[in-house]
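Here the structure comes first, spelled out in structure tokens, and everything after it is commentary.
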Amino acid sequence: MSSIRVGSAPDSWGVWFPDDPQQTPYRRFLDEVAASGYEWIELGPYGYLPTDPATLREELDSRGLKLSAGTVFEHLHKDDAWEAVWTQIEDVARLTAAVGGTHVVVIPEMWRDPSTGAVLEDRVLTHEQWRKKTEGMNALGKAMFETYGVRAQYHPHADSHVDTEDNVYRFLDGTDSRYVNLCLDTGHISYCGGDNIAIIRRAPERIGYLHLKQVDPEVRAKVEAEDLPFGEAVKLGAMIEPPLGIPDMPPLLAEIERLGIDVFAIVEQDMYPCEVDAPLPIAQRTRTYLGSCGIPSVTFR
């Protein structure tokens with residue numbers, strides 16, 4: 001029987017940066033994610049959780065937590081990007097593997113600043129830039145697995161070059177499933193106007209990892225009408241706890257269950273910045289809701 005292992009992440013506690021006074025301190029995050037009934041977590045931004053493997057393992061073990069994945073950003077479509085990206089990947093992949101994680105979620109860097117909205121580069125890649133990105137990701141995924149034994153799961157993201165459903169397909173068509181698969185972030189796909197179930201049905205063999213989140217349709221409409229940057233959208237409450245937004249979770253989880261795979265499904269509700277007392281009750285309600293969706297393969301262990 002397949003297993004959809006549900007966990008949570010620092011993102012759901014308002015964590016976007018390694019160190020920021022507006023963010024939940026890491027020990028409080030670990031205490032509260034365990035108190036919410038989750039067992040699996042992600043690293044979040046490298047440096048937020050301890051980077052010494054022994055220290056991190058002690059912090060996780062003392063709370064009955066396990067690590068599913070690390071996270072890193074890439075800009076492989078740019079010239080001479082490999083060394084800078086690989087340096088970050090090595091740090092994250094090494095730590096992830098050292099504490100038992102088996103995946104690294106790779107996110108495309110955004111073409112505009114999420115806070116200021118400043119345009120950093122053209123929002124559309126050239127054919128040559130697409131080639132560099134996809135071939136670079138193949139090489140990156142191969143090197144990650146051969147060196148550290150972790151799998152690359154690529155995460156489409158709002159305000160990046162891999163955002164819409166069509167761009168997801170273009171990325172998948174250009175990459176090799178032996179080395180790169182998809183971290184399907186249900187919120188980002190819906191935020192960018194895509195159909196999560198359509199992606200699952202078109203590329204079932206490429207679903208390697210999940211981020212579960214929902215989008216407020218009213219905020220999304222405002223974002224689209226005013227072309228707002230992602231950071232501003234988050235402050236407006238674009239990402240909302242289920243079942244208050246889209247996509248509808250039960251049919252989506254049922255579609256994943258039909259694949260018959262073992263897959264991590266990490267809850268990520270972008271909440272930066274947020275009051276420190278806000279995440280815990282949301283996490284508890286979300287866990288209760290996901291457990292009530294009637295999907296037998298959903299597990300929290």
Side-chain angles (χ1 to χ4, degrees), residues 7-36 38 41-51 59 65 69-73 88 92 105 107-120 155-160 163 183 185-192 211-242 244-246 266-287 289:
S8 194
D11 192 31
S12 293
W13 267 257
V15 176
W16 276 11
F17 303 102
D19 184 30
D20 188 306
Q22 296 187 87
Q23 296 178 165
T24 303
Y26 88 81
R27 287 191 176 91
R28 178 168 180 171
F29 158 68
L30 293 174
D31 289 342
E32 292 189 352
V33 75
S36 302
Y38 296 103
I41 66 163
E42 292 182 348
L43 281 181
Y46 183 77
Y48 173 66
L49 295 180
T51 57
E59 294 278 15
L65 298 174
T71 306
V72 72
F73 284 80
Q88 296 178 67
V92 173
V105 175
I107 305 173
E109 290 184 3
M110 289 178 271
W111 53 262
R112 65 177 166 186
D113 188 285
S115 300
T116 67
V119 175
L120 306 175
H155 180 314
H157 198 287
D159 283 1
S160 81
D163 50 359
C183 170
D185 185 299
T186 62
H188 280 274
I189 295 299
S190 292
Y191 181 95
C192 296
H211 278 172
L212 300 180
K213 62 165 66 97
Q214 285 191 327
V215 179
D216 184 322
E218 292 185 4
V219 176
R220 182 191 172 279
K222 178 180 175 65
V223 167
E224 188 172 25
E226 300 178 22
D227 194 26
L228 299 178
F230 182 67
E232 187 172 345
V234 169
K235 291 177 182 177
L236 291 172
M239 302 305 176
I240 193 167
E241 69 179 277
L244 304 177
I246 58 171
I266 303 301
V267 176
E268 267 205 337
Q269 183 180 341
D270 295 280
M271 294 177 61
Y272 178 86
C274 68
E275 297 295 328
V276 292
D277 292 331
L280 177 58
I282 293 174
Q284 291 170 327
R285 290 193 298 268
T286 300
R287 186 195 184 284
Y289 169 73

What are the two closest heavy atoms between Thr286 and Glu241, and how far apart are they? OG1-CB, 4.1 Å
Working to the nearest 0.5 Å, report the span between CG of Leu280 and OG1 of Thr24. 10.0 Å
His211 (side chain) donor-acceptor with Ile266 (main chain) under 3.5 angstrom: no
CZ/Phe230 to CG/Asp163 distance, rounded to the nearest 0.5 angstrom? 12.0 Å
Verify side-chain contact (heavy atoms from CB on, under 4.5 Å) between Ile41 and Leu30, making sure each step is shown before the conclusion. CA-CA 9 Å; Ile41 66 163; Leu30 293 174; 3.7 Å; yes
Close side-chain approach of Pro273 to Lys235, heavy-atom, < 4.5 Å: yes
With side chains defined as the heavy atoms from C-beta onward, is the minimum distance between Tyr272 and Val15 less than 4.5 Å? no
Distance, nearest 0.5 Å, that separates NE2 of His157 from NE2 of His188: 3.5 Å
With heavy-atom distances below 4.5 Å as the criterion, would you say the side chains of Lys213 and Asp185 are in contact? yes
Set out, in order, the CA-CA distance, both residues' side-chain angles and the distance that settles side-chain contact (heavy atoms from CB on, under 4.5 Å) for Asp227 and Arg112, then state yes or no. CA-CA 11 Å; Asp227 194 26; Arg112 65 177 166 186; 3.3 Å; yes
Can you check whether Asp11 reaches Met271 side chain to side chain, under 4.5 Å on heavy atoms? no
Restricting to ring-ring contact (aromatic ring centres under 6.0 Å, His included), what partner residues turn up for Tyr26, sequence neighbours left out? none
Nearest heavy atoms of Ala158 and Cys192, plus distance in Å: CA-SG, 3.8 Å
For Arg287, is there any backbone N or O sitting under 3.5 Å from a side-chain donor or acceptor partner on Tyr38? yes
Distance-only, no hydrogens or angles: does the Gln214 side chain make a donor-acceptor pair with backbone N or O of Leu244 under 3.5 Å? yes
Test salt bridge (Lys or Arg N to Asp or Glu O under 4.0 Å) applied to Glu32 - qualifying residues, sequence neighbours left out: Arg28
Count the heavy atoms of every other residue, nucleotide or ligand shown that sit under 6.0 Å from CD of Glu226, and state whether that count exceeds 12. yes
Within this structure, what is the CZ-NE2 distance for the pair Phe73 and His155, rounded to the nearest 0.5 Å? 8.0 Å
Give the intermediate values and the outcome of side-chain contact (heavy atoms from CB on, under 4.5 Å) for residues Glu42 and Thr71. CA-CA 8 Å; Glu42 292 182 348; Thr71 306; 3.8 Å; yes
Across all chains, not counting sequence neighbours, the side chain to side chain donor-acceptor pair (under 3.5 Å) partners of Gln23 are none
Run the side-chain contact (heavy atoms from CB on, under 4.5 Å) test on Leu43 and Tyr48 for me, step by step, so that the C-alpha distance in whole Å, both residues' side-chain angles and the decisive distance to 0.1 Å come before the verdict. CA-CA 8 Å; Leu43 281 181; Tyr48 173 66; over 6 Å; no
Compare every heavy atom of Pro229 with every heavy atom of Pro114, then report the nearest pair and how far apart it is. O-CB, 4.1 Å
Please check this pair: side chain of Asp270 against backbone of Val234, looking for a donor-acceptor N/O pair closer than 3.5 Å. no
Work out which heavy atom in Ser160 is nearest to a heavy atom in Glu109; give both atom names and the distance. CB-O, 3.8 Å
Does the Ser8 side chain pair with the main chain of Val33, one donor and one acceptor, at a distance under 3.5 Å? no
Are any of the side-chain nitrogens in Arg220 or Glu224 under 4.0 Å away from the carboxylate oxygens of its partner? yes
What is the minimum heavy-atom distance between Val223 and Tyr191, and which atoms define it? CG1-OH, 3.2 Å
Minimum heavy-atom distance Val267-Ser12, with the two atoms named: O-OG, 3.1 Å
